[in-house]
Amino acid sequence: MPPQPGQGRTPATASTSNTSTTLAPHNPVAKAIWDGSIPIQFSWDQAEATAVGSQAVESFFLEAPRCSYFSLLTSRVRRHFVDMALHFIGDDAEVWYDYEGTPLKWHYPIGLLYDIHGLQASSGKGMNGSLLPWKITVHFQNFPADKLIKSQAVDSSQDYFMSMIKEADYLRNGSIKKIMNMSKSDQTQLWEGLSANDYDKFWGMNQRLTFNDGTLARNLPVRIYLPENCPVIQEPMSPVDENGQPKTLRQVLNVVLPDLFPLVETGPPVAAAMVHGIIPSLETSAIWASQNMSYPDNFLHLVIIFK
């Protein structure tokens, strides 16, 4: 039986004579997801390299956290190519990335981008893990402003991340009081924990947003990604059915994609939902999945895979 809502999280508090600090919850699932990573090979765009007379610049290899963002890696990537050969005088906001010619959205988590452009796109090709290391092309010029939001610098990434946190808070509670009641330093701790890949620092604060103190969330923050650049699906998703029973992932997906996720299977399944590179059972509690498998922006990002 799938884990049920509320299982897997135990808040804790560490106290001293002067301070009381909330520790990250004991949640093996969330910790395993946080520790997930993707080996990436960053290569300088060949046309750009040739244009400045550089022919053989070594690629940069990095084990990137799935929950992180490319903007948080850019300074390290840029430093590598500057040290190797590149005469680049711009700032990090000019750097952008593509995978097989498709510009990568800097405001999406790295793991989500990999699931969309790597695993989802190759699901029917039988590549069986040959995508790793994930081969990303780095660009230092010709920013595709018609395809990407400009200003992918770290400050802009932080602003976008916090806007997603607030949106998730609103969907769960009908207001953003929880996040707005946090002090500025507490809100900053969320981003600092993510930037430093510090699970305890991030989740020690984020649990204040995701725990509902026994109160049922109004809606689950869920975003659904179909292949072929279809628009992202984001609709209010009630966590319970008309009888007040917790919905499964199948029931949530059936609301917006009934043909792909029928409530009763009459033949082989035609689609699956992937999150963090894995395909959970469709009978998993949607509340549990939202609490334990969401990205740090507190959205459950479901990537649809056709079988």
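In this chain, residues are counted from 1 in sequence order.
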Is there side-chain contact between [X] and [Y], with at least one heavy-atom pair below 4.5 Å?
X      : Y      : answer
Arg223 : Leu112 : no
Glu167 : Gln234 : yes
Pro269 : Lys307 : yes
Arg66  : Pro109 : no
Met293 : Leu249 : no
Leu194 : Tyr69  : yes
Trp34  : Pro65  : no
Leu260 : Val270 : yes

State, to 0.1 Å, how close [X] and [Y] come at their nearest heavy-atom pair, and which atoms those are.
X      : Y      : value
Ala289 : Leu300 : O-CD1, 3.7 Å
Ala168 : Pro221 : O-CG, 3.7 Å
Met237 : Val256 : CE-CG1, 3.7 Å
Ala24  : Asp200 : CB-OD1, 3.4 Å
Asn292 : Ile33  : O-CD1, 3.4 Å
Phe299 : Val222 : CD2-N, 3.8 Å

| request: Test Ser238 against Lys247 for side chain to side chain contact (heavy atoms under 4.5 Å, CB included), laying out the working first. | output: CA-CA 8 Å; Ser238 173; Lys247 284 184 177 179; 4.2 Å; yes
When rounded to the nearest 0.5 angstrom, what distance separates [atom1] in [X] from [atom2] in [Y]?
X      : Y      : atom1 : atom2 : result
Ile305 : Asp115 : CD1   : CG    : 7.5 Å
Asp98  : Asp45  : CG    : CG    : 7.0 Å
Trp203 : Arg208 : CH2   : CZ    : 14.0 Å
Ile40  : Lys135 : CD1   : NZ    : 12.0 Å
Ile136 : Phe42  : CD1   : CZ    : 6.5 Å
Leu62  : Gln41  : CG    : CD    : 12.0 Å

| request: Verify whether one side chain among Asn206 and Asn298 offers a donor that lies under 3.5 Å from an acceptor in the other. | output: yes
Where does the angle between the aromatic ring planes of [X] and [Y] fall among parallel (under 30°), tilted (30 to 60°) and perpendicular (over 60°)?
X      : Y      : answer
Trp106 : Tyr160 : perpendicular
Phe202 : Phe161 : tilted
Tyr225 : His301 : tilted
Tyr114 : Trp134 : perpendicular

| field | Salt-bridge present (Arg250, Glu265; N to O < 4.0 Å) | value | yes
| message | Salt bridge or not between Arg79 and Asp83? Use side-chain N to carboxylate O under 4.0 Å. | response |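 Answer for the salt bridge query: no.
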If we ignore hydrogens and angles and just use 3.5 Å, is the side chain of [X] paired with the main-chain N or O of [Y] as donor and acceptor?
X      : Y      : value
Ser294 : Ser290 : yes
Thr284 : Ser281 : yes
Gln187 : Ile179 : yes
Gln189 : Lys201 : yes
Asn27  : Val29  : yes
Asp241 : Asn243 : yes

| task | Could you check Leu226 against Glu228 for side chain to side chain contact (heavy atoms under 4.5 Å, CB included), going step by step and ending with a plain yes or no? | result | CA-CA 7 Å; Leu226 289 163; Glu228 306 299 332; over 6 Å; no
| request: Step by step, work out the side chain to side chain contact (heavy atoms under 4.5 Å, CB included) result for Val95 and Val77. | output: CA-CA 9 Å; Val95 181; Val77 173; 5.6 Å; no
| Is Tyr97 reachable from Phe61 through a run of I, L, V, M, F, W or Y residues, each pair having side-chain heavy atoms under 4.5 Å apart? |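 No, it is not one cluster - the side chains of Phe61 and Tyr97 are not joined through contacts under 4.5 Å.
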| task | Consider only side-chain heavy atoms of I, L, V, M, F, W and Y, link residues closer than 4.5 Å, and tell whether Leu263 and Val252 are in one cluster. | result |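 No, no single cluster joins them.
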| query | With sequence neighbours excluded, what pairs up with His117 under the ring pair (Phe, Tyr, Trp, His ring centres under 6.0 Å) test? | reply | none
| Could you go step by step and tell me if His276 and Tyr295 meet the ring pair (Phe, Tyr, Trp, His ring centres under 6.0 Å) rule? | CA-CA 8 Å; His276 299 291; Tyr295 275 83; 4.1 Å; yes
| request: Could you give me the CA-CA distance, side-chain angles and deciding distance for Gln251 and Phe261, then say whether side chain to side chain contact (heavy atoms under 4.5 Å, CB included) is met? | output: CA-CA 8 Å; Gln251 290 172 303; Phe261 298 96; over 6 Å; no
